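Working notes, beginning with the structure itself.
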Amino acid sequence: KQEVTQIPAALSVPEGENLVLNCSFTDSAIYNLQWFRQDPGKGLTSLLLIQSSQREQTSGRLNASLDKSSGRSTLYIAASQPGDSATYLCAVPLSRLTFGEGTQLTVNP
Amino acid sequence: NAGVTQTPKFQVLKTGQSMTLQCAQDMNHEYMSWYRQDPGMGLRLIHYSVGAGITDQGEVPNGYNVSRSTTEDFPLRLLSAAPSQTSVYFCASSRDTSRHGYTFGSGTRLTVV
């Protein structure tokens with residue numbers, strides 16, 4: 001059974017800081033990994049989909065990396081802004097999509 | 001391109017009532033699924049479908065029914081609502097179960113009193 005863990009559970013940083021969110025998974029037989037953002041009371045917005053054949057995927061200030069062999073992915077956010085405050089979820093599809101518990105990010109002005 | 005559309009956005013039910021949460025997608029995705037999200041429990045899979053006419057149970061299927069008569073629609077039925085079904089429900093779709101990304105609807109916030 002695939003298990004997904006996200007560290008840290010919560011993170012509070014000042015505006016402008018670069019930060020890294022971590023995601024680990026137990027079954028490396030995956031085709032891709034997806035990072036989502038969820039604002040309070042809202043749905044899940046897909047940020048990045050990184051294929052297993054890729055090492056990295058970038059979108060604006062976001063960069064996701066994937067290392068299948070070690071069962072790890074990181075989401076790097078550059079020059080964080082208060083608008084980045086949200087919960088970030090990583091998810092791994094195998095026979096079904098399995099989510100981590102999420103990292104609740106707060107960026108303080 | 002609407003993506004995944006869920007209706008209603010909010011609903012209050014009395015215990016014992018039944019209702020259907022609607023989910024529709026316009027991306028011709030074969031795979032559709034329903035999740036519930038509860039504080040401290042994360043997202044849990046209720047039911048899923050790999051194509052029209054095919055459905056299967058997820059982690060927490062009790063108290064819910066689904067059907068998939070068309071590729072576009074995947075309604076979730078609550079047979080006899082219970083307070084334990086108070087939750088936020090998300091519908092998601094993908095081209096398949098594991099090789100492509102998932103698209104989520106905006107959710108239905110359900111309260112059972």
Side-chain angles (χ1 to χ4, degrees), chain A residues 1-10 23-54 57-59 62 64 66 68 73 75 86-104, chain B residues 1-10 21 23 25 27 29-50 54-61 66 87-111:
Chain A
K1 179 186 171 184
Q2 179 75 274
E3 293 182 3
V4 181
T5 304
Q6 290 187 244
I7 294 172
C23 173
S24 61
F25 48 93
T26 55
D27 190 334
S28 62
I30 61 170
Y31 291 101
N32 59 65
L33 182 144
Q34 198 165 0
W35 282 93
F36 292 91
R37 167 186 173 140
Q38 186 174 31
D39 294 287
K42 303 294 185 182
L44 280 72
T45 301
S46 181
L47 296 173
L48 288 164
L49 173 70
I50 180 165
Q51 301 292 343
S52 60
S53 57
Q54 299 174 298
Q57 183 73 267
T58 298
S59 176
L62 305 179
L66 176 62
K68 272 185 59 174
S73 176
L75 179 67
T87 296
Y88 292 80
L89 296 155
C90 69
V92 179
L94 208 55
S95 57
R96 58 189 59 181
L97 191 64
T98 303
F99 285 88
E101 291 291 326
T103 294
Q104 187 172 354
Chain B
N1 195 346
V4 178
T5 302
Q6 288 185 239
T7 56
K9 293 190 183 302
F10 302 94
L21 279 62
C23 176
Q25 52 91 10
M27 298 170 284
H29 284 172
E30 289 295 325
Y31 182 83
M32 296 185 74
S33 53
W34 278 100
Y35 291 81
R36 60 178 289 174
Q37 186 177 38
D38 303 287
M41 303 292 288
L43 283 141
R44 293 181 291 170
L45 182 65
I46 304 171
H47 284 287
Y48 64 95
S49 168
V50 297
I54 306 169
T55 63
D56 207 345
Q57 297 180 350
E59 303 171 64
V60 288
V66 291
S87 186
V88 181
Y89 292 84
F90 290 103
C91 178
S93 74
S94 179
R95 287 176 64 181
D96 55 42
T97 57
S98 58
R99 293 177 182 264
H100 296 90
Y102 283 63
T103 301
F104 277 75
S106 57
T108 295
R109 186 173 295 274
L110 175 69
T111 302

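Lettering follows sequence order; numbering is per chain, from 1. Computed from a prediction, not measured in an experiment: that's the story for all the values here.
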Can you see which heavy atom on Ser98(B) is nearest to which on Asn32(A), and at what distance?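 That would be O-ND2, 3.2 Å.
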Looking at every non-hydrogen atom in both residues, tell me the closest pair between Phe90(B) and Gly105(B) and how far apart they are. CD2-O, 3.5 Å
Arg44(B) versus chain A, the contacting section by heavy-atom distance below 4.5 Å: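 Looking at Arg44(B), nothing touches chain A.
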Contacting region of Gln37(B) [heavy-atom separation from chain A under 4.5 Å]: side chain
Best-contacting candidate, Gly42(B), Ser106(B), Gly101(B), against chain A by heavy atom pairs under 4.5 angstrom: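 It is Gly101(B).
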Name the region of Leu89(A), side chain, backbone, both or neither, that has any atom closer than 4.5 Å to a heavy atom of chain B.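 Just the side chain, heavy atoms under 4.5 Å.
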Using the side chain to side chain contact (heavy atoms under 4.5 Å, CB included) definition, which of the options Thr55(B), Asp56(B), Ile54(B) pairs with Tyr48(B)? Asp56(B)
Do Gln2(A) and Ile30(A) have side chains that get closer than 4.5 Å, going by heavy atoms? yes
